[in-house]
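Here's the structure we're looking at; comments come further down.
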There are 2 protein chains.
Amino acid sequence: MTETGPDEAVPGESFGGVTPDAARRLLLAAVEAFAERGFHATTTRDIASRAGMSPAALYIHYRTKEELLYHISRVGHERTVCLLTAAEQSGHSVTERLDGAVRDFVRWHAAHHTTARVVQYELAALGAEHYAEIVTMRRRTEEVLRGLLADGVSAGEFTVPDIPGTAVAVLSLCIDVARWFRTDGPRTPEEIGALYAALVLRMVGGEPREADYQ
Amino acid sequence: MTETGPDEAVPGESFGGVTPDAARRLLLAAVEAFAERGFHATTTRDIASRAGMSPAALYIHYRTKEELLYHISRVGHERTVCLLTAAEQSGHSVTERLDGAVRDFVRWHAAHHTTARVVQYELAALGAEHYAEIVTMRRRTEEVLRGLLADGVSAGEFTVPDIPGTAVAVLSLCIDVARWFRTDGPRTPEEIGALYAALVLRMVGGEPREADYQ
DNA sequence: ACGAGTACTAAGCGTGCGCTCAGCAAGCGA
DNA sequence: TCGCTTGCTGAGCGCACGCTTAGTACTCGT
C-alpha cells in the first residue's frame with residue numbers, strides 16, 4: 001500500500017489492472033495530458049507520443065479519444081465512491097466516520113491530483129450516454145455524504161440545519177483540492193486530509209478532535 | 001442595482017461599460033459559449049453567430065480568441081477583488097466583515113455563475129503573460145481572506161490554527177458555487193450566500209448568527 | 001516450417017479550425 | 001458632391017485535428 005506517498009508515486013494505482021500493457025500506458029498518458037491541458041486541448045498525437053507509440057496505436061485499444069476519458073472517469077469515480085462507502089460502513093461513531101470519509105477522500109484527491117483533476121473537471125467533454133452514467137455515480141457520492149450528515153444529526157453529534165446544501169458544500173471543498181494541489185507545495189496529502197476533516201467537523205457543528213487540528 | 005436578482009437577469013452587468021455595442025455583444029456571446037462548452041471547444045464561428053455577426057467581425061474588435069477570454073477574466077477578477085476588499089473595509093466586527101465577504105462573494109458567483117465559471121475555470125487557456133497577470137489578482141484575493149482570518153484571531157473572535165490552509169479552503173468552497181449552481185435549482189443566490197457565510201463562520205470557530213442559518 | 005492472429009507503424013484522408021483579406025454600404029466633414 | 005473613415009461580410013487560406021487504411025514485424029499453435 002504505497003498509495004499515500006508524498007508524491008504521485010503510483011499514479012497508475014487505479015489502472016494497475018488494465019491490460020494489455022500498451023492500453024494502460026495510453027491511459028496514463030491520457031491522464032497526464034488531460035490534466036495538464038484539458039481534454040479538448042489535448043491531441044491524440046500528444047497522448048500517443050507520451051506513451052511512446054504512433055498516433056494510430058491509440059485506436060487499436062480505444063475506439064475514440066472520448067472513450068479514453070470515459071475509462072479514466074469511470075475508474076476514478078468507482079474509486080471515490082468506494083472510498084466513501086468504506087468510511088461510511090466502518091463501525092465507529094458518526095463523527096469518526098465523517099472524519100475518516102473526508103480524510104480519505106481529500107487524501108486521494110491530493111495524492112492522485114492528476115487523475116482527480118481529470119475525473120472531476122473534464123466531465124463536460126463526455127458523450128451524452130457516458131455523461132449520464134457518470135452523473136449517476138456522482139449522485140451516489142452525494143447520497144452517501146447526505147446519509148452521514150443525517151445520521152450525525154439523528155445521533156445528536158451534528159447540528160446541520162440544511163443537509164443537502166451542506167453536503168454539496170463539503171463535496172465542493174474536498175473535490176477542489178484536486179484543482180489547486182501541487183506536489184511541491186508545503187503540505188502532504190495526509191496533512192490536508194487532517195485539516196479538511198477538522199474543518200468539516202466544525203461545519204457540521206461536531207466536536208473536532210483538536211489533537212489532530214494542531 | 002438589479003444585480004442580485006434570482007436569475008442572471010443582467011449577465012452583462014460587469015461588461016456594461018464596454019463599447020462599441022458590437023464588442024460588448026461579442027463579449028457576452030463568448031461568456032455564454034465558454035461557460036457552456038469551455039474555451040477550447042468553442043469556435044470563433046460559434047461566438048460570432050451568437051452575437052449575430054459573421055466570423056470575421058470578431059477580429060475587428062479583438063485580436064484573437066484568447067483576448068476575449070482575457071477581457072472576461074480580467075473584468076471578472078476585478079469585480080471579485082472589489083467585492084472582497086469592500087467587505088474587508090466595512091466598519092463592523094471581524095465576524096460581520098467575514099460574514100459579508102463570504103455572502104457577497106458567493107452571491108456573485110451564484111448570480112453570475114455563467115461569467116464566474118469562465119473566470120474561475122478557464123484560466124489555463126490564457127496565454128503566458130495574461131495568465132501571470134490574472135494569477136497576481138488571484139493572489140490578492142487570497143491575501144484579503146488571510147488578512148480577515150488573522151484579524152479575527154487577533155480580535156479573539158476566531159480560532160484558526162492554520163490560516164493559509166483555511167483561507168484556501170474557504171475560497172475553494174465559495175468559487176465552486178459557480179461550477180454547480182443552476183438557475184432552476186431550489187436555492188436563490190442570497191440563500192446560498194447566507195448558508196455559506198454561516199458554514200464559514202463555523203469553520204473559523206466564530207459565532208454564527210443562527211438567525212440567518214435556517 | 002508455416003499460416004493465422006496480434007500489435008503496431010507510415011502515410012494520409014477529409015474536415016473544421018483560427019484567422020485574413022478584398023470589398024462594400026453607411027455616415028460625415030468640407 | 002466627393003473622398004475618407006468605420007464596421008462589417010463573403011470567400012477562403014493554410015494548418016492541424018480525429019481517425020482510417022494498407023502493410024509489416026513478431027508470436028505462437030500445430
Side-chain angles (χ1 to χ4, degrees), chain A residues 12 15 17-73 118 122-131, chain B residues 12 15 17-73 118 122-131:
Chain A
F15 306 111
V18 177
T19 53
D21 179 70
R24 196 181 63 256
R25 267 159 51 219
L26 284 164
L27 216 49
L28 293 175
V31 166
E32 230 180 75
F34 291 163
E36 222 169 83
R37 310 195 206 287
F39 177 82
H40 289 293
T42 297
T43 69
T44 54
R45 284 164 236 264
D46 184 21
I47 297 169
S49 80
R50 281 179 200 245
M53 307 169 85
S54 79
L58 196 151
Y59 295 91
I60 311 263
H61 301 283
Y62 303 94
R63 276 182 307 163
T64 63
K65 184 173 97 165
E66 189 265 355
E67 199 173 273
L68 267 165
L69 176 63
Y70 168 64
H71 269 73
I72 294 163
S73 208
V118 177
E122 299 294 328
L123 284 189
L126 288 168
E129 286 175 31
H130 290 162
Y131 181 77
Chain B
F15 306 110
V18 176
T19 54
D21 179 69
R24 198 181 59 254
R25 270 159 49 219
L26 283 164
L27 217 49
L28 293 174
V31 166
E32 231 179 74
F34 291 163
E36 223 169 81
R37 311 195 205 287
F39 177 82
H40 289 293
T42 297
T43 69
T44 54
R45 285 166 236 264
D46 184 21
I47 296 169
S49 79
R50 280 181 201 246
M53 307 169 85
S54 79
L58 196 151
Y59 295 89
I60 310 263
H61 301 284
Y62 302 95
R63 277 182 305 164
T64 61
K65 182 173 98 166
E66 189 265 356
E67 199 173 273
L68 267 165
L69 176 63
Y70 168 64
H71 269 73
I72 294 164
S73 208
V118 178
E122 299 294 329
L123 284 190
L126 287 168
E129 284 175 31
H130 290 161
Y131 181 78

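In the text below, chain A, chain B and the rest are named by the order of the sequence lines, each starting its count at 1. Hydrogens, waters and symmetry mates are skipped; everything else that's a heavy atom, side chains included, is used.
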**Report entry** Donor-acceptor pair, side chain of Arg25(B) and main chain of Ala51(B), under 3.5 angstrom
**Finding:** yes

Report task. Might you work through the side chain to side chain contact (heavy atoms under 4.5 Å, CB included) test for Met53(B) and Leu58(B), ending with a clear yes or no? Result -> CA-CA 8 Å; Met53(B) 307 169 85; Leu58(B) 196 151; over 6 Å; no

Report summary line: From NE2 of His61(A) across to C1' of dA7(C) the rounded distance in Å is 7 Å

Query raised in the report: Contacts to DNA chain D from residues 32-41 of chain B, heavy-atom cutoff under 4.0 Å, which residues?
Result: none

Report task. Classify the angle between the aromatic ring planes of Phe34(B) and Phe39(B) as parallel (below 30°), tilted (30 to 60°) or perpendicular (above 60°). Result -> tilted

Requested in this report: Determine, stepwise, if the pair Thr44(B) / Tyr59(B) fulfils side chain to side chain contact (heavy atoms under 4.5 Å, CB included).
Outcome: CA-CA 10 Å; Thr44(B) 54; Tyr59(B) 295 89; 3.3 Å; yes

Query raised in the report: What's the OH-C1' distance between Tyr62(A) and dT20(D), to the nearest Å?
Result: 19 Å

Requested in this report: Kindly calculate the angle separating the two end axes of the helix from dA1(C)-dT30(D) to dA30(C)-dT1(D), each obtained from five base pairs, and round it to 10 degrees.
Outcome: 10°

Query - Shortest non-hydrogen contact from Leu26(A) toward Ala57(A) - result: CD1-O, 4.2 Å

Query raised in the report: Using a heavy-atom distance cut-off of less than 4.0 Å, which residues of residues 42-60 of chain B contact DNA chain D?
Result: Arg45(B), Met53(B), Ser54(B), Ala56(B), Ala57(B), Ile60(B)

Query raised in the report: So, does Thr42(A) use its side chain to make a donor-acceptor pair with the main chain of Ala33(A) at under 3.5 Å?
Result: yes

Report task. With sequence neighbours excluded, tell me which residues meet salt bridge (Lys or Arg N to Asp or Glu O under 4.0 Å) with Arg37(B). Result -> Asp46(B)

Report summary line: Going 5' to 3' through nucleotides 22-28 of chain D and flagging B where a protein heavy-atom sits under 4.0 Å of the base, S where only the sugar-phosphate is that close, and - otherwise, we get -------

Report task. State whether the side chain of Tyr62(B) and the backbone N or O of His71(B) hold a donor-acceptor pair below 3.5 Å, judged by distance alone. Result -> no

Requested in this report: Sort and list the pairs that fulfil salt bridge (charged side-chain N to carboxylate O under 4.0 Å, His left out) and have at least one residue in residues 52-66 of chain B, not counting sequence neighbours.
Outcome: Arg63(B)-Glu67(B)

Query raised in the report: Of all heavy-atom pairs between Ile72(A) and Ala30(A), which one has the smallest distance, and what is that distance?
Result: CD1-CB, 4.0 Å

**Report entry** Nearest-Å distance for atom pair CG/C1', residues Leu26(B) and dC8(D)
**Finding:** 11 Å

Query raised in the report: Looking at Arg50(B) and Ala29(B), what are the two nearest heavy atoms and their distance?
Result: CB-CB, 3.6 Å

Requested in this report: Would you name the heavy atoms of Ser54(B) and Ala48(B) that are closest together and state the gap between them?
Outcome: O-CB, 3.5 Å

